[in-house]
K.L.:
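Below you'll find the structure I mean.
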Amino acid sequence: MGYTIAEKIMGRASRAGAPVPAGTEVEVKPDYVLGYDFPGYLDLIFKQMKEEFGIERVAEPERYALFIDHMVPANTPEEEELHIVTRTWCAENGVRLHEREGIGHQVAAEAGYAVPGGFVVHFDGHIAQLGAFGTLAIGIHTQLLEAFVRERIDFTVPETTRVNLTGRLAPGVMARDVFHHLVRVLGPRSCRFQVLELGGPALGDISLEGRQTITGLAMFTGALTAICNPDRLALDYAKAHVTQPFEPQASDADATYAALHEVDLTDLAPIVVVPPNPAATADLADHAGLEVQAGYLGSCASGRLEDLRAAAAVLKGRRVAPGFQLHVVPTSQAIMADAAREGLLTTLIEAGAFVTSSSCDYCYGRIATMTAGQRAVSTGTLNVTGRMGSPDSEIYLCNAAAVAASALEGRIADPRPYLAEATEAGA
């Protein structure tokens, strides 16, 4: 009997120490417990640990890491006081704190928590993007308290849906489009409470950054998380960043899946997700020409080097439309530094983009909010009502190149003509 990568990782992290089939009740020990500073989350966990469980300090502090990536910088005394609580707790517990290094889900990979074959928990489901490296990373929401007060947490090994990607992406089509196409083809509840496992020949043509985009958005298929069997790209990255020994896992050829799908990417075109439903996917061409006033290029889903490169290729030598607000927020400070070295930031700034240091604040509408009647094109994680300001504003999700093209025209625009021109100019 073969096992999926999820069944192998869960089994390894359980008392069994060996693969266990889906549906098995297990007690698992996470390799890392992660979380970010936000009102009602970590501060409440700290309080409950002490007042309800009498625990002053976590055991094995090396298994924990926290992030200050929201409300950065603080704009009220209360926000700074919250950060102080997190800093103090980490110092007292000997827990590693990542502050102002970027969005935590990306920083987690850079800091070595994306361990192939590892098991990671967080309260935010976007941590699933560590699955790009062969890590089983799951957002467990309210159950995270259990991971702070116990060595092991109770879990039911989830079933897995496997998707094999075939074909090859056309120029101007990005990993962002691949994910939204999966939602369109499979449906927003297709992987409910399951692991979405990605494979197939086309996956090898998608960068690690692109795989992070796809896995990090897995919750919008209903999945608990997503994962890829680690290939040479993922293992080389891990060897350069992970500081502990690790044992990569991979699904067996005869593993049992809840469902198996094959998705051909050959004819895929740029996609937009129409507000206010994150599952309302449509071809970008169907909405081209719709007036937009703002653009956001960033978030834990799409603000990495390949996104910045695509936007810079579209914008190079051009200026954004008058009155259009283009906000560019690299996913981490390390990515921002790399983009500066490549000259990408210069290109973006000269085109009229407002480039700022990495944080989650643009994505959830704390900064650069819209007023009633405005529309944005965005690489953020959600397009629900009020996400970026007024409940009477609208958010159209799309890839980074499409955000840049739309910024030039002040209307939803296809990036492919701009990218083709850039390719010809560079030939």
Side-chain angles (χ1 to χ4, degrees), residues 70-72 75 103 174 176-177 180 213 217 270-278 280-282 284 286-304 307-308 310-316 318-331 336 339 344-345 347-415 418:
H70 291 67
M71 300 170 292
V72 177
N75 66 10
I103 298 174
M174 303 181 69
R176 187 78 193 223
D177 303 302
H180 295 310
T213 294
L217 293 170
I271 285 176
V272 293
V273 184
V274 181
N277 185 346
T281 57
L284 183 144
D286 294 339
H287 294 270
L290 182 67
E291 186 176 354
V292 287
Q293 293 79 33
Y296 166 53
L297 198 172
S299 84
C300 64
S302 305
R304 300 181 179 86
D307 300 302
L308 301 175
V314 170
L315 293 171
K316 189 172 180 62
R318 300 183 173 94
R319 290 283 299 180
V320 303
F324 190 94
Q325 301 179 61
L326 176 58
H327 299 279
V328 177
V329 187
T331 307
M336 189 174 191
L344 301 176
L345 299 189
T347 298
L348 297 169
I349 291 167
E350 288 178 347
F354 184 84
V355 181
T356 191
S357 294
S358 179
S359 82
C360 297
D361 296 334
Y362 284 78
C363 187
Y364 78 97
R366 178 176 174 266
I367 297 177
T369 58
M370 292 188 291
T371 192
Q374 289 188 316
R375 297 189 189 97
V377 282
S378 170
T379 65
T381 58
L382 275 170
N383 63 346
V384 295
T385 299
R387 176 72 174 182
M388 291 173 63
S390 168
D392 295 316
S393 62
E394 295 181 326
I395 305 166
Y396 287 76
L397 301 177
C398 56
N399 74 37
V403 169
S406 302
L408 292 175
E409 298 187 17
R411 302 176 185 277
I412 292 179
D414 192 327
Y418 295 100

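Numbers for residues simply follow the sequence, beginning at 1. Predicted model only: the values in this text are computed from it and were never measured.
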K.L.:
Is there a donor-acceptor contact under 3.5 Å from the side chain of R319 to the main chain of E350?
P.N.:
yes

K.L.:
Please check if the side chain of R375 supplies one atom and the backbone of E291 the other of a donor-acceptor pair under 3.5 Å.
P.N.:
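Checking the backbone N and O of E291 against the side chain of R375, a donor-acceptor pair under 3.5 Å is found.
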
K.L.:
Please answer whether the main-chain N or O of G389 pairs with a side-chain N or O of T369 as donor and acceptor at a distance below 3.5 Å.
P.N.:
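It does not hold such a pair.
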
K.L.:
Side-chain contact, heavy-atom cut-off 4.5 Å: I367 with H327?
P.N.:
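When only atoms from C-beta onward are counted, H327 and I367 do not touch, as no gap falls below 4.5 Å.
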
K.L.:
Are the side chain of S390 and the backbone of M370 linked by a donor-acceptor contact shorter than 3.5 Å?
P.N.:
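Here the side-chain-to-backbone pair does not exist.
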
K.L.:
Nearest 0.5 Å please: distance from the OG atom of S378 over to the CZ atom of R387.
P.N.:
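Result: 9.0 Å between the selected atoms.
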
K.L.:
Donor-acceptor pair, S393 side chain versus G373 backbone, under 3.5 Å?
P.N.:
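Not at all, since once roles are kept as given, no pair shorter than 3.5 Å links the two residues.
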
K.L.:
Nearest 0.5 Å, what's the CD1-SG distance between I271 and C398?
P.N.:
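The CD1 atom of I271 sits 11.0 Å away from the SG atom of C398.
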
K.L.:
Which distance, rounded to the nearest 0.5 Å, do you find between the CD1 of I349 and the CG of L326?
P.N.:
11.0 Å

K.L.:
Would you indicate whether the side-chain heavy atoms of Y364 and L382 approach each other to under 4.5 Å?
P.N.:
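L382 vs Y364: side chains apart.
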
K.L.:
Grab the two heavy atoms, one from V274 and one from A282, that are nearest each other, plus how far apart they are.
P.N.:
CG2-CB, 4.3 Å

K.L.:
Taking all non-hydrogen atoms of both residues into account, name the closest pair between D392 and A372 and its distance.
P.N.:
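It is CB-CB, 3.8 Å.
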
K.L.:
Distance-only, no hydrogens or angles: does the R176 side chain make a donor-acceptor pair with backbone N or O of T379 under 3.5 Å?
P.N.:
yes

K.L.:
With a 3.5 Å distance limit and no angle check, can you tell me whether D414 reaches the backbone of A402 through a side-chain donor-acceptor pair?
P.N.:
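No, the answer is negative, given that no donor and acceptor are paired below the 3.5 Å cut-off.
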
K.L.:
Mind checking the CZ-CD spacing from R411 to Q293? Nearest 0.5 Å is all I need.
P.N.:
10.0 Å

K.L.:
Do the side chains of H70 and D361 get nearer than 4.5 Å, heavy atoms only?
P.N.:
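Yes; the side chains approach each other to less than 4.5 Å.
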
K.L.:
Got a donor-acceptor contact below 3.5 angstrom from the S358 side chain to the I103 backbone?
P.N.:
yes

K.L.:
Where is the tightest heavy-atom contact between Y418 and E409, given as atom of each residue plus distance?
P.N.:
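Smallest interatomic distance, heavy atoms only, reads OH-OE2, 2.6 Å.
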
K.L.:
For residues P391 and T385, report the shortest heavy-atom separation together with the two atoms involved.
P.N.:
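Nearest pair, atom of P391 first, then T385: O-CG2, 3.2 Å.
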
K.L.:
What distance separates L408 CG from L315 CG, expressed to the nearest 0.5 Å?
P.N.:
5.0 Å

K.L.:
Looking at A413, is its backbone amide N or carbonyl O close enough to the side chain of S406 to form a donor-acceptor pair, meaning the two atoms are under 3.5 Å apart?
P.N.:
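Yes: the side chain of S406 pairs with the backbone of A413.
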
K.L.:
Within this structure, what is the CG-NE2 distance for the pair L284 and H180, rounded to the nearest 0.5 Å?
P.N.:
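It comes to 11.5 Å.
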
K.L.:
Can you label the angle between the Y396 ring and the H287 ring as parallel, tilted or perpendicular, going by 30° and 60°?
P.N.:
tilted

K.L.:
Please report the closest heavy-atom contact between A311 and L297, naming both atoms and the distance.
P.N.:
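Answer, listing the atom of A311 first, then L297: CB-CD1, 3.3 Å.
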
K.L.:
Within the 4.5 Å heavy-atom criterion, are Y296 and V329 side-chain neighbours or not?
P.N.:
yes

K.L.:
For the residue pair V384 and I395, what are the closest heavy atoms and their distance?
P.N.:
O-CD1, 4.2 Å

